[in-house]
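A short write-up of the structure that comes next.
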Amino acid sequence: MNKKLYVGGLSYTVTDAQLQALFASHGTVESAKVVMDRETDRSRGFGFVEMSTQEEAEKAIASLNGTQHEGRSLTVNISKPREDRPARSGGGGRDRY
DNA sequence: GTTGAGCGTT
């Protein structure tokens, strides 16, 4: 198990600092990032947070998952590493059709 | 509005 949290259901107005502040109320945030679409520089509506320990990650999930933020329902869960997804793992990142 | 990048041609 890791300490990385996936945070979905974010408003497009939420940014990394907002995300960190939200989770910091329920544990020690080591890092937080809202994923921005690199083509539009706007939020994709989800992000990632890393807590100091798994224990704090768990309580952050329990406290924030299913709640609302900036008018949207939050989904909080342990994340999986991006390398685990076949879409961008080494061998070809960009589509070439 | 649901799982993060960019490098560059293996």
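Since the model is a prediction, treat every value here as computed from it, not as a measurement. Chain letters run A, B, ... following the sequence lines, proteins first, then strands; residues in each count from 1.
- Residue ring and nucleobase are stacked for A/Tyr6 and B/dT3, with a centre distance beneath 5.5 angstrom and an angle between planes beneath 30°.
- Contact of the A/Phe48 side chain with the A/Val7 side chain is not registered, since no non-hydrogen atoms from C-beta on lie closer than 4.5 Å.
- Residues A/Leu19 and A/Lys33 come closest through the heavy atom pair CD2-O, 3.6 Å.
- One can place CD1 of A/Ile61 at 19 Å from P of B/dT2, the figure rounded to the nearest angstrom.
- Rounded to whole Å, the distance from CZ on A/Phe46 to C1' on B/dT3 is 6 Å.
- Between A/Val49 and A/Val76, every side-chain heavy-atom pair lies at or beyond the 4.5 Å cut-off.
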For A/Thr13 and A/Glu70, what are the C-alpha separation, side-chain angles and deciding distance, and is it a side chain to side chain contact (heavy atoms under 4.5 Å, CB included)? CA-CA 8 Å; A/Thr13 63; A/Glu70 301 294 294; 3.9 Å; yes
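- Following rounding to the nearest Å, A/Lys33 (NZ) and B/dT2 (C1') show an atom-to-atom distance of 16 Å.
- Regarding A/Arg44, its CZ atom lies at a distance of 7 Å from the P atom of B/dG4, rounded to whole Å.
- Rounded to whole Å, the separation between the C1' atoms of B/dT2 and B/dG6 comes to 23 Å.
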The test is side chain to side chain contact (heavy atoms under 4.5 Å, CB included); show your working for A/Leu64 and A/Phe23 and say whether it passes. CA-CA 8 Å; A/Leu64 295 170; A/Phe23 279 76; 3.8 Å; yes
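- A/Asp37 has its CG atom 13 Å from the P atom of B/dT3, to the nearest Å.
- Contacts between residues 10-29 of chain A and DNA chain B, defined by a heavy-atom separation under 4.0 Å, are made by A/Tyr12.
- Taking atom CZ of residue A/Arg42 and atom C1' of nucleotide B/dG1, one finds them 14 Å apart after rounding to whole Å.
- In this structure, the aromatic ring of A/Phe48 is positioned over the six-membered ring of the base of B/dG4, centres within 5.5 Å and planes within 30°.
- Annotation: A/Glu55, atom CD; neighbour count of heavy atoms from other residues, nucleotides and ligands within 6.0 Å does not exceed 12.
- Checking side-chain atoms of A/Gln68 against main-chain N and O of A/Ser73 turns up no donor-acceptor pair under 3.5 Å.
- Taking atom CD on A/Glu39 and atom P on B/dG1, their separation rounds to 21 Å, with Å as the unit.
- Counting to the nearest Å, the P atom of B/dT3 and the NZ atom of A/Lys4 are 19 Å from each other.
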